[in-house]
Asker: 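One structure is given below, represented as C-alpha cells, and several questions about it will come after.
Computed over heavy atoms, backbone and side chain alike; hydrogens, waters and symmetry mates excluded. Position 1 is the first residue of the sequence; numbering continues from there. Ligands are counted one by one from 1 in listed order, and the atoms in each one are counted from 1 as well.
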Amino acid sequence: MRIAFVYNQKPKNFSWEMPDAEFFAEFDPPETVEGIKRAIEANGHEVLMVEADETTYETLKQNRDKIDLVFNFAEAVTNTEDREAHVPMFAEILKIPYTGPRPTVAGIILDKTKCKEIWGFYGLPTAPFQLFFGADDKINAKLRYPLIVKPNSEGSSQGVKNNAVVQNEKELKERLAEVAAKFGWPVLAEEYLPGREFTVSVIGNGNNLETLPIMEFNYENLAEGVTKVDSYEAKWLWNHPANKIEEESTCPAKIDKALEEKLIELTKNAFTTVGCRDWGRVDIRLNQAGEPMLLEINCPAGLQPNPRVHSCMPIAARAAGMSFEQLVGKIINTALKRYGKI
Ligand SMILES: Nc1ncnc2c1ncn2[C@@H]1O[C@H](COP(=O)(O)OP(=O)(O)O)[C@@H](O)[C@H]1O
Ligand SMILES: [Mg+2]
C-alpha cells in the first residue's frame with residue numbers, strides 16, 4: 001500500500017532549555033520520524049513523507065490518487081485547542097482514509113474535561129474535577145484536597161509540573177494562575193489520586209479490540225520529596241538515555257487477575273465511548289480505595305523506535321512479543337481493515 005506518513009518534527013534549533021520547549025514537547029526528533037518511516041516500509045508499504053504544516057493540505061491534495069492511507073502521527077498544524085483534529089480534517093475533506101479518530105473525536109480526546117464528561121455519562125469512573133475558566137471562578141466546595149492542576153488541552157505532561165499538587169485554596173489559586181499564564185484558560189483541577197498508575201495500549205475497532213500488556217509506572221525511583229506523578233520534569237528532564245531512571249516502569253504490571261480484568265474493561269469502554277478508532281493508550285490511576293479511575297486517552301500515542309528511550313506503547317508491544325515494526329504494521333492494518341481495503 002502507499003502510506004502518507006504525516007508527522008511533526010521538532011524545530012532544528014530545539015533544546016529543552018528554549019523558552020517555549022513545552023510547546024514542542026510532543027513533536028518528534030528526526031530519529032523517531034525516520035524510525036517510524038522505516039517501520040512502515042518494513043511492512044512492505046511505500047511511504048510518502050509529509051510534515052504537518054500549513055502546506056500539508058496541498059501536498060495531500062496533489063497526491064490523493066497515490067495515497068491508500070494517511071498514517072496520522074501529527075499533533076498539530078498550528079497551536080490551537082483543536083490541533084489534533086487538523087490533519088484528520090484535511091483527510092476528511094480530501095476523502096483519503098486515515099488512521100485514528102475522526103476530527104470531532106480527535107478534538108475531544110485532546111480536551112481532558114470533555115472526555116471526563118463523556119465517560120461520566122456512561123458511568124465510567126474519573127476523579128471529581130472542576131474546570132476553571134478564570135481566576136475568579138467560585139471553587140466547588142465539594143472538591144477534596146489535595147488536587148492536581150493541569151492544562152485542559154495539553155499532553156506529554158506539559159504543564160503538569162512537580163508542583164502541580166496543591167493542598168489548599170491558596171495554592172490552588174497560585175497554580176491555576178501559573179498554568180493559565182503559560183497555556184491559557186481553561187485549567188483543570190481534579191482530585192489527586194494517590195494510588196498506582198497504569199497505562200493500557202489498545203488496538204482495534206468495535207467488538208474487535210485488543211489490549212497490550214498493562215504497564216505500571218514506578219514512582220518509587222523518583223528522588224525523595226518529588227511528587228509521585230509523571231510530571232514534566234520526570235518525563236522529559238530527569239529521564240533521557242543519558243540520565244536514565246532505572247526501571248521507570250514495569251510491563252506487564254504485577255497485578256492480580258481481578259485488577260487486570262478491570263483495567264482492560266475500563267480501557268476498552270473508555271476507548272469506545274469516546275469514539276476512538278484503530279489505536280490509542282489510556283492512562284489510569286487508582287484512588288485511595290484502590291479503584292481505577294480514568295485520567296485520559298491518547299491518540300496518537302507516543303511511538304519511539306529506540307528501545308533505550310522510554311515509550312509506553314512500544315514497550316507494551318515488546319512485552320507481547322511484538323516488534324516495533326509489527327506494532328506499526330498492526331495499526332496500519334487495523335485502519336485498512338476498517339476501510340475494507342484489506
Ligand atoms: N488526578 C490525578 N491524580 C494523580 N496523578 C495525576 C492525576 N492527573 C494526572 N496525574 C499525573 O500527571 C501525569 C500527566 O497527566 P495526564 O492527565 O496523563 O496528562 P498528559 O499525559 O496529557 O500530560 C499522569 O501520568 C499522572 O502521573
Ligand atoms: Mg497522560
Side-chain angles (χ1 to χ4, degrees), residues 21-26 75-76 81 83-84 106-116 119-120 124-131 143-167 172 175 179 182-183 186-202 214-222 226-239 245 248-249 253 263 267 270-271 274 276 280-302 310-313 316:
E22 299 207 2
F23 290 126
F24 298 113
E26 289 193 293
E75 296 293 336
E81 261 184 301
R83 60 195 174 276
E84 286 188 356
I108 288 172
I109 283 176
L110 195 57
D111 184 326
K112 292 193 167 66
T113 301
K114 281 281 165 280
C115 277
K116 286 166 73 75
W119 289 331
L124 303 179
T126 81
F129 69 100
Q130 182 173 355
L131 186 63
L143 281 181
R144 300 236 301 270
Y145 292 93
L147 302 174
I148 183 163
V149 179
K150 49 188 185 180
N152 189 49
S153 301
E154 297 295 330
S156 302
S157 297
Q158 293 166 90
V160 184
K161 286 283 174 71
N162 187 48
N163 67 2
V165 180
V166 298
Q167 305 293 340
L172 171 62
R175 212 64 69 239
V179 173
K182 188 134 198 176
F183 298 96
V187 180
L188 174 60
E190 64 181 25
E191 290 187 7
Y192 178 71
L193 303 161
R196 299 165 74 179
E197 182 171 334
F198 305 95
T199 191
V200 192
S201 302
V202 52
I214 297 170
M215 166 182 290
E216 175 168 13
F217 289 89
N218 300 335
Y219 292 121
E220 66 271 21
N221 295 319
L222 291 174
V226 165
T227 314
K228 305 294 187 208
V229 299
D230 197 21
S231 63
Y232 181 76
E233 294 91 332
K235 185 175 272 171
W236 298 109
L237 305 184
W238 301 333
N239 180 30
I245 296 170
E248 192 197 343
S249 62
L263 292 174
T267 296
F271 186 87
V274 89
C276 200
R281 225 194 64 227
V282 175
D283 292 344
I284 303 172
R285 201 151 155 139
L286 305 188
N287 67 8
Q288 188 82 53
E291 286 299 324
M293 314 286 271
L294 292 166
L295 292 183
E296 59 144 0
I297 177 164
N298 304 283
C299 184
H310 193 272
S311 183
C312 301
M313 197 155 181

Asker: Within the 4.0 Å heavy-atom shell around Tyr219, which atoms of ligand 1 are there?
Answerer: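 That gives atoms 27 (O) of ligand 1.
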Asker: Could you measure the distance from the CG atom of Asp283 to the CD atom of Glu296? Nearest 0.5 Å is fine.
Answerer: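 Atom-to-atom, Asp283:CG and Glu296:CD are 4.5 Å apart.
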Asker: What protein heavy atom lies closest to atom 6 (C) of ligand 1? Include the residue and the distance to one decimal.
Answerer: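 I find the closest protein heavy atom is Ile148 CD1, 3.5 Å.
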Asker: Below 3.5 angstrom, do we get any N/O pair linking Ala127 and ligand 1?
Answerer: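 The answer is no, given that Ala127 and ligand 1 share no N or O pair closer than 3.5 Å.
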Asker: Report the nearest protein non-hydrogen atom to atom 13 (C) of ligand 1: residue, atom name, distance rounded to 0.1 Å.
Answerer: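 Checked against all protein heavy atoms, atom 13 (C) of ligand 1 sits closest to Asp230 O, 3.6 Å.
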Asker: Side chain, backbone, both or neither: which part of Val229 has a heavy atom under 4.0 Å from ligand 1?
Answerer: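 Under 4.0 Å from ligand 1, Val229 contributes backbone and side-chain atoms.
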Asker: Is there a nitrogen or oxygen of Glu190 sitting under 3.5 Å from a nitrogen or oxygen of ligand 1?
Answerer: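 Indeed, backbone or side chain, Glu190 has an N or O that close.
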Asker: Considering heavy atoms of the protein only, find what lies nearest to atom 18 (O) of ligand 1 and give residue, atom and distance to 0.1 Å.
Answerer: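 I find the closest protein heavy atom is Glu296 OE2, 2.9 Å.
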Asker: Could you list the atoms of ligand 1 found under 4.0 angstrom from a heavy atom of Tyr192?
Answerer: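 That gives atoms 3 (N), 4 (C), 5 (N) of ligand 1.
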Asker: Please check if the side chain of Glu191 supplies one atom and the backbone of Arg144 the other of a donor-acceptor pair under 3.5 Å.
Answerer: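 Yes, the answer is positive, given that a donor and an acceptor are paired below the 3.5 Å cut-off.
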Asker: Report the nearest protein non-hydrogen atom to atom 14 (C) of ligand 1: residue, atom name, distance rounded to 0.1 Å.
Answerer: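 Ranking protein heavy atoms by distance from atom 14 (C) of ligand 1, first comes Ser157 OG, 3.9 Å.
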Asker: Thr227 side chain to Asn162 main-chain N or O, any donor-acceptor pair under 3.5 Å?
Answerer: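 Checked: pair present.
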Asker: What part of Ser156 sits under 4.0 Å from ligand 1 if we count only heavy atoms: the side chain, the backbone, both or neither?
Answerer: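 Contact part for Ser156 vs ligand 1: backbone (N, CA, C, O).
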Asker: Identify, for atom 3 (N) of ligand 1, the protein heavy atom at the shortest distance, and state residue, atom and that distance.
Answerer: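 Minimum-distance protein heavy atom for atom 3 (N) of ligand 1 reads Leu193 N, 2.8 Å.
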Asker: Minimum heavy-atom separation for Arg175 and Asn163, please, with both atom names.
Answerer: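 Closest approach of Arg175 to Asn163: NE-O, 2.6 Å.
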Asker: List ligand 1 atoms under 4.0 Å from Glu154, heavy atoms only on the residue side.
Answerer: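 Counting from 1, the qualifying ligand atoms are 22 (O).
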Asker: Kindly indicate, with the supporting measurements, whether the criterion side chain to side chain contact (heavy atoms under 4.5 Å, CB included) is fulfilled by Tyr219 and Asp230.
Answerer: CA-CA 8 Å; Tyr219 292 121; Asp230 197 21; 3.1 Å; yes
Asker: In this structure, does ligand 1 have an atom that sits under 4.0 Å from one of the heavy atoms of Glu191?
Answerer: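 Judged by the 4.0 Å heavy-atom criterion, Glu191 does count as contacting ligand 1.
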Asker: For ligand 1, which atoms sit closer than 4.0 Å to a heavy atom of Asp283?
Answerer: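 Selected atoms, number and element: 18 (O).
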Asker: Give the atoms of ligand 1, by number and element, whose distance to some non-hydrogen atom of Val160 is under 4.0 Å.
Answerer: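 Every atom of ligand 1 under 4.0 Å from some heavy atom of Val160: 12 (O).
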Asker: Can you tell me the angle formed at the Mg ion (ligand 2) by OD2 of Asp283 and OE2 of Glu296, to 10°?
Answerer: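 For OD2 of Asp283 and OE2 of Glu296, the angle centred on the Mg ion (ligand 2) reads 90°.
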Asker: Considering Lys112, Lys150, Glu26, Met293 one by one, which has a heavy atom nearer to atom 22 (O) of ligand 1 than any of the others?
Answerer: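 Result: the heavy atom closest to atom 22 (O) of ligand 1 is in Lys112.
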Asker: Got a donor-acceptor contact below 3.5 angstrom from the Tyr192 side chain to the Tyr145 backbone?
Answerer: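 Looks like no, no N/O pair under 3.5 Å.
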Asker: Where on Arg285 is there a heavy atom closer than 4.0 Å to ligand 1, on the side chain, on the backbone, on both, or on neither?
Answerer: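 Near ligand 1, Arg285 shows its side chain, while the N, CA, C and O stay back.
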Asker: May I ask whether Phe217 places a heavy atom under 4.0 Å from ligand 1?
Answerer: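 Phe217: no contact with ligand 1 (<4.0 Å).
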Asker: Without swapping roles, check the side chain of Asn298 against the backbone of Arg281 for a donor-acceptor pair under 3.5 Å.
Answerer: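 Flag set: sc Asn298 to bb Arg281 pair under 3.5 Å.
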Asker: Looking only at atom types and distance, does a side-chain atom of Lys116 sit under 3.5 Å from a main-chain N or O of Leu294, one as donor and one as acceptor?
Answerer: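 Between the backbone of Leu294 and the side chain of Lys116 there is no qualifying donor-acceptor contact (under 3.5 Å).
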Asker: I'd like to know whether Arg285 forms a side chain to side chain contact (heavy atoms under 4.5 Å, CB included) with Val229, so could you lay out the CA-CA distance, the side-chain angles of the two residues, the decisive distance to 0.1 Å, and finally the verdict.
Answerer: CA-CA 10 Å; Arg285 201 151 155 139; Val229 299; 3.8 Å; yes
Asker: What verdict does the side chain to side chain contact (heavy atoms under 4.5 Å, CB included) test give for Cys312 and Phe217, after you've listed the backbone C-alpha separation in whole Å, the side-chain angles of each residue and the deciding distance to 0.1 Å?
Answerer: CA-CA 10 Å; Cys312 301; Phe217 289 89; 3.8 Å; yes
Asker: Counting only heavy atoms from other residues, nucleotides and ligands, does the tally under 6.0 Å from CD of Gln167 exceed 12?
Answerer: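 Yes - once you tally the heavy atoms of other residues, nucleotides and ligands closer than 6.0 Å, there are more than 12.
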Asker: Looking only at protein heavy atoms, which one is nearest to atom 24 (C) of ligand 1, and how far off is it?
Answerer: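 Residue, atom and distance for the closest contact: Glu197 OE2, 3.4 Å.
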Asker: To the nearest 0.5 Å, how far apart are CD in Glu197 and CG in Leu295?
Answerer: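 CG of Leu295 is found 6.0 Å from CD of Glu197.
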